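Data first, discussion second: the structure below is written as structure tokens.
Side-chain atoms are counted along with the backbone in the values below, which use heavy atoms only and exclude waters and symmetry mates. It should be emphasised that the depicted structure is a prediction, and the values quoted were computed from it without experimental measurement. Per chain, numbering begins at 1; letters A, B, ... match sequence-line order.
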Amino acid sequence: MTEAIFKTENLKIAYGKNQVIHGIDWDIIEGEVTALIGPSGCGKSTFLKTLNLLVRSMSDDVKLSGSITFSGKNILNDKIDAIDLRKQIGMVFQQPNPFPKSIFENVAYGPRIHGVKKKRELQEIVEQTLIEAYLWDEVKDRLEDSALGLSGGQQQRLCIARALATKPDVLLMDEPTSALDPISTLGIEELIRKLEGQYSVILVTHQMEQAARVSDTTAFLYMGELIETNKTSQLFSNPTEKQTEDYITGKFG
Amino acid sequence: METNLRASERLVRKSRKLSLKNPERNGKIVVYTAAFLTVVATLAVTVFLAQRGLQSFYMSDINPLEFFTSTNWNPSGDNPTYGALIFIFGSLAVTLASAVIVAPLGIGAAIFMTEIAPSWGKKVLQPVIEILVGIPSVIYGYIGLTVLVPFIREQVGGSGYSLMAGIVVVSVMILPTVTTLSADALNRLPNGLRSSSYALGATRWQTIRRVLLPAAIPGLLTAVILGMARAIGEALAIQMVIGNTELLPGSLLDPTATMTTIITLNMGHTTFGSAENNVLWTLGLILLAISYLLVMAVRFLGARRKI
Ligand SMILES: Nc1ncnc2c1ncn2[C@@H]1O[C@H](COP(=O)(O)OP(=O)(O)O)[C@@H](O)[C@H]1O
Ligand SMILES: [Mg+2]
């Protein structure tokens, strides 16, 4: 039952000479919501961007070593097709960043890129994904309007829909609520809980309460080392490592 | 708490009082004066040019219709004619043709600099192109005169002094401007657009074509329009290669003239207040009107960018 969706072995990540991740061995469980917490600058975003190899597209000097096994393959192997990989791994970022296009075109972007051409099929995907992201009722009458006219919370849900439109297995979320107000934050958290089961969600957050509210498993990353992973309730009530305890009790970070 | 507030208030007051003594107010005076002078200078030039330029029509009795539609230009003859169509056409032809040539080249180079080879682009290309922007136009004209004109004469035909030479020189001259401004427009785009497009599985080319270019369009158009503004106002470089004949060109290889070249060539030897002199002011007024239109287009696009 507890298959690993990602299995990292001695994963090391460096930007040039700056070693950011120092060898992580971690089995991320399939179908769960996994939270990754840790103080800012500890390498959470870098780790997350490595799972879909985005880090390679965004910086020239990144060096990856070790292995990440995803659907039976080591994705750090050069032969892996990053485009195919990203079709299966959606990602949502800290700042809601819809394209300056219509709501429809934002959601249709991924499918179009992966070869869906028929208008009817696209319409179906867009409707289905917007329903899944709990945005359909709010936008169904203005699909042709600019996505930039939506509120911050709606924009972020649109970005989630955009990521779900390629029918991925995994959703990576990098502090998806840190730019949102409390009400929109609750909306996104509720959405994450509903996605659980159908998708493996890996959620980076700097809010421990958020990790406690939405995740099944929580991992604590500190200075590029994975200090502790455990069932969320366990980790917050009864951390085994001293550093985890210090962090969750607010002694540092 | 109460006393705390008081203390901080006192501090604020104190620092305000201190700054009132000098920097704040002085700064304000300088800034306001500069703004005021800028507005006055712009207004003065506009009013002066309008007053001079319109004199052709109400003092020298030149028929506006003739001025804008006739190609008979002979202001110093016994029976003077004042048809300026050749020069209006020349200016517009040079400006539009160079914009059409430079837009794809400049935007393409900007894409290369910002998206294809960003590290090399930022370190090497961008500074080089910024230097090119600053090269005085006389140098472009001089190179055109010594290299381009003979080349056209020998390889393409005609005397070499031609509309084509003018267009090429102006294109080369505005290319760096359009390239840097386009690169700025692309660099201004939030990085989130790139990362989310890549994260959806888009290739670099798909990201450029479907996300970045559409998002940057207002900024790219602004770049081209500012290039056109530089082209329409250019006199010296064009004058050196275009031939300066008062003829409507039948082909790209024929010599012709533009509004700016006619002004610079004739300003010196016409008497202030004469009809011959007034029509030059009228050409200047037309140039100013076109610049205003271009600037308004830029502002309009700038306002659209925020949406
Ligand atoms: N593109 C990059 N190039 C070089 N260094 C980077 C880059 N992105 C992040 N870093 C460095 O990697 C470290 C970890 O950053 P990051 O992964 O963003 O941490 P977090 O998301 O936990 O705040 C930081 O020291 C940061 O300066
Ligand atoms: Mg981060």
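Looking only at heavy-atom pairs under 4.5 Å with chain A, the residue among B/Ser119, B/Pro118, B/Ser195 that has the most is B/Ser195.
Within the 4.5 angstrom heavy-atom criterion, no atom of A/Pro168 approaches chain B. For A/Tyr109, the part sitting under 4.5 Å from any heavy atom of chain B is the side chain, from C-beta outward, and nothing else. Looking at B/Arg204, neither its backbone nor its side chain comes within 4.5 Å of chain A, counting heavy atoms on both sides. Using a 4.5 Å cut-off between heavy atoms, A/Leu53 makes no contact with chain B at all. Using a 4.5 Å cut-off between heavy atoms, A/Lys101 touches chain B through its side chain atoms alone.
Taking every heavy atom of both residues into account, B/Gly201 and A/Ile113 meet most closely at O-CG2, 3.9 Å. Closest heavy-atom contact between A/Leu54 and B/Ala199: CD1-N, 3.9 Å.
For the atom pair CZ of B/Arg194 and CG of A/Asn97, the computed distance is 12.0 Å after rounding to the nearest 0.5 Å. Considering CZ of A/Arg112 and CD of B/Gln206, their distance stands at 12.0 Å, rounded to 0.5 Å. Rounded to the nearest 0.5 Å, atoms CZ (A/Phe99) and OG1 (B/Thr207) are 7.5 Å apart.
Crowding of A/Arg193 atom CZ: a count of heavy atoms from other residues, nucleotides or ligands under 6.0 Å exceeding 12. The environment of NZ in A/Lys140 is crowded: more than 12 heavy-atom neighbours from other residues, nucleotides or ligands sit within 6.0 Å.
Within residues 55-69 of chain A, the residues having any heavy atom less than 4.5 Å from a heavy atom of chain B are, in residue-number order, A/Ser57, A/Met58, A/Asp60.
Residue B/Leu200 is tested with A/Lys87, A/Arg86, A/Arg162 for a side-chain contact (heavy atoms from CB on, under 4.5 Å); the sole match is A/Arg162.
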